[in-house]
**Q** 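So that we are looking at the same thing, I have put the structure below in structure tokens.
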There are 2 protein chains.
Amino acid sequence: MSDKYKHGEKILVAVDCIIFGYDHGTLKLLLFKRLLEPLKGGWSLIGSFILPNESVEEAGKRVLHEITGLDEVYMEELKSYTAVDRDPGARCISIGQFALIGLENEETLEIKDGVQWHSVSDLPELVLDHNQMVVDALARLRNRAQYYPIGLELLPKKFTIPQLQTLYEEIFQKKFDSRNFRKKLLSLNILIQLKEKDKSSSKKGAFLYEFDYTKYRKLKNKGFKFSLI
Amino acid sequence: MSDKYKHGEKILVAVDCIIFGYDHGTLKLLLFKRLLEPLKGGWSLIGSFILPNESVEEAGKRVLHEITGLDEVYMEELKSYTAVDRDPGARCISIGQFALIGLENEETLEIKDGVQWHSVSDLPELVLDHNQMVVDALARLRNRAQYYPIGLELLPKKFTIPQLQTLYEEIFQKKFDSRNFRKKLLSLNILIQLKEKDKSSSKKGAFLYEFDYTKYRKLKNKGFKFSLI
DNA sequence: TTAATAAACGTAATATATACATTTATTTTT
DNA sequence: AAAAATAAATGTATATATTACGTTTATTAA
């Protein structure tokens with residue numbers, strides 16, 4: 001190592017994943033029960049130290065794969081958590097990784113032992129500063145759901161407008177007017193209506209839609225700023 | 001250290017500050033010329049390793065104080081930069097810190113030796129991944145300037161509407177209609193018009209305004225989302 | 001055939017955004 | 001003292017977006 005770096009103090013760097021899922025109307029968070037001291041038995045986000053040969057992003061993806069078996073998952077950096085005394089075990093910073101999983105898409109989802117989905121509206125106390133991470137991640141989720149079509153990551157590839165509205169009502173904890181919700185959404189021209197209907201929740205059935213990623217990208221590139229709600 | 005932590009590999013953690021200033025119509029960035037190998041003589045953002053007894057945020061504030069003598073500076077975390085090979089000297093991650101300084105406010109500003117303001121429109125090549133940090137920070141600046149009254153951090157406490165418009169035109173690299181800019185801005189009701197005028201750029205003079213932080217906070221707390229442009 | 005259910009649809013009123021030209025306050029020059 | 005010069009300040013009409021609110025439709029089950 002170069003001289004220049006001698007006075008740097010090396011410390012432990014972890015990632016912690018704040019993983020949201022959405023299952024039949026309920027927003028959920030993936031947690032696991034710590035098996036080791038300190039704080040054994042406490043509910044925790046799922047994390048890992050980063051390895052010498054990986055970036056933080058790669059560490060996040062690795063953790064997510066180890067836990068769920070999934071590879072193509074929406075993930076973005078949340079923020080760093082670096083208070084000196086945040087971890088009683090050692091000086092250790094953590095980079096929060098915000099992730100979304102569409103539970104109804106993922107046939108292959110095989111959750112590892114000791115890992116459990118928890119309804120966001122009824123979370124246990126978490127270890128360390130993980131409660132704060134969840135608070136921050138929920139704020140991020142709301143921001144993203146408003147300004148990006150990211151809510152769709154939580155739904156199956158084919159979804160109905162009432163399904164999307166229910167998801168938004170869960171995320172924002174408030175009701176939306178169904179006529180205005182639909183009108184605004186469709187006016188963005190980023191959904192493709194399919195011929196099929198989903199009849200699981202009504203006799204009439206609701207048309208299925210897919211997200212038009214190409215159109216969305218074009219709009220974004222033109223600098224179009226949109227708000228879904 | 002607890003057993004649990006044994007398999008974590010400790011690494012160097014740095015902060016790099018992307019410090020914007022605005023001086024008489026020009027958006028600037030604070031850079032310094034590296035005095036040490038590797039990459040001696042290369043232009044660099046201003047950074048430091050984080051010390052054992054400080055958080056990343058504290059490290060950012062320390063660096064900013066060491067370089068500029070300032071304490072109360074707007075600073076927020078940008079993102080982490082963690083590619084395995086980002087630094088040829090050693091495995092080292094960096095947390096970018098986005099900072100804004102109002103140059104015309106800061107009478108006390110005493111820039112350290114070797115540190116220089118550079119016009120954002122004419123930046124040199126920077127070392128490591130610092131060019132990417134600047135790109136990311138400019139995107140953040142545009143986002144913040146649109147959705148938060150953060151552009152004001154770059155202006156004196158008392159400023160005119162034409163001054164603010166010129167700043168926005170510099171940030172977004174486009175012209176705004178002065179009638180609509182003024183109308184929208186004033187409709188937000190977060191500016192206090194003073195009796196004084198600034199006559200430095202016209203014979204008529206332009207009224208000075210101050211930001212009404214209290215009103216802004218109230219609006220924010222009510223969930224009001226505003227866009228300044 | 002009827003009843004039940006959630007999905008789909010439309011419109012009027014209000015608010016916001018855009019496009020665009022003239023007047024005003026002041027200083028400097030004549 | 002009057003005229004010229006300068007940037008600041010202002011207004012309005014049009015288009016677009018948001019909000020509030022009830023009725024009809026497609027389908028299944030009784």
**Q** Validate the cation-pi geometry between A/Lys175 and A/Phe181: distance from NZ or CZ to the six-membered ring centre under 6.0 Å, angle to the ring axis within 45°.
**A** no
**Q** Does the distance from a Lys or Arg side-chain N to an Asp or Glu carboxylate O, for B/Arg140 and B/Glu76, drop under 4.0 Å?
**A**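 Salt bridge flag = yes for B/Glu76 with B/Arg140.
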**Q** Round to the nearest Å and state the distance from A/Phe226 atom CZ to D/dT18 atom P.
**A** 13 Å
**Q** Report the distance from atom CG of A/Asp177 to atom P of D/dT19, rounded to the nearest whole Å.
**A**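 So the two atoms are 10 Å apart, to the nearest Å.
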**Q** Whether B/Glu196 and B/Lys158 form a salt bridge (side-chain N of Lys/Arg under 4.0 Å from carboxylate O of Asp/Glu) is what I want to check.
**A** yes
**Q** Return the set of residues passing ring pair (Phe, Tyr, Trp, His ring centres under 6.0 Å) with A/Phe98 (not counting sequence neighbours), or none when no residue passes.
**A** A/Phe20
**Q** Judged by each residue's nearest nucleotide on DNA chain D, which is more toward the 5′ side, B/Phe207 or A/Lys183?
**A** B/Phe207
**Q** Whole-Å distance between D/dA17 P and A/Leu228 CG?
**A** 15 Å
**Q** Could you give the CG-to-P distance, from B/Leu185 to D/dA9, as a whole number of Å?
**A** 12 Å
**Q** Scan B/Lys184 against the nucleic acid and name what it touches under 4.0 Å (heavy atoms): base, sugar-phosphate only, or nothing.
**A** sugar-phosphate
**Q** Could you tell me how far apart B/Lys203 (NZ) and D/dA4 (C1') are, to the nearest whole angstrom?
**A**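 So the NZ-C1' distance, B/Lys203 to D/dA4, works out to 8 Å.
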**Q** With a cut-off of less than 4.0 Å, is there a side-chain N or O of B/Arg182 near OP1 or OP2 of D/dA9?
**A**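 Yes, B/Arg182 has a side-chain N/O under 4.0 Å of OP1/OP2 on D/dA9.
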**Q** Please determine if A/Glu66 and A/Arg62 form a salt bridge, counting it only when a charged side-chain N lies under 4.0 Å from a carboxylate O.
**A**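 Yes.
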**Q** With heavy atoms under 4.0 Å as the rule, sort A/Lys199 into base, sugar-phosphate or nothing.
**A**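 The answer is sugar-phosphate, as A/Lys199 gets under 4.0 Å only of primed atoms, P, OP1 or OP2.
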**Q** What integer distance in Å separates B/Lys197:NZ from D/dT6:C1'?
**A** 13 Å
**Q** Do A/Lys79 and A/Tyr81 meet the cation-pi criteria used here (NZ or CZ under 6.0 Å from the six-membered ring centre, within 45° of the axis)?
**A**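 Ring-cation test returns yes.
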**Q** Tell me, please, the opening and closing nucleotides of DNA chain C, 5' to 3', among those with an atom under 4.0 angstrom from a non-hydrogen atom of chain B.
**A** C/dA17 to C/dT27
**Q** Quick one: B/Asn180 CG to D/dT14 P, roughly how many Å, whole number?
**A** 16 Å
**Q** Here's a test of your reading of the structure: between B/Ile229 and B/Lys204, which maps to the more 5' nucleotide of DNA chain C?
**A**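 The residue closer to the strand's 5' end, by nearest nucleotide, is B/Ile229.
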**Q** Within this structure, what is the CD-to-P distance between B/Gln165 and D/dA8, rounded to whole angstrom?
**A** 9 Å
**Q** Can you spot which of B/Thr26, B/Ile19, B/Leu29 makes a side chain to side chain contact (heavy atoms under 4.5 Å, CB included) with B/Trp117?
**A**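 That would be B/Ile19; it is the only one of B/Thr26, B/Ile19, B/Leu29 passing the side chain to side chain contact (heavy atoms under 4.5 Å, CB included) with B/Trp117.
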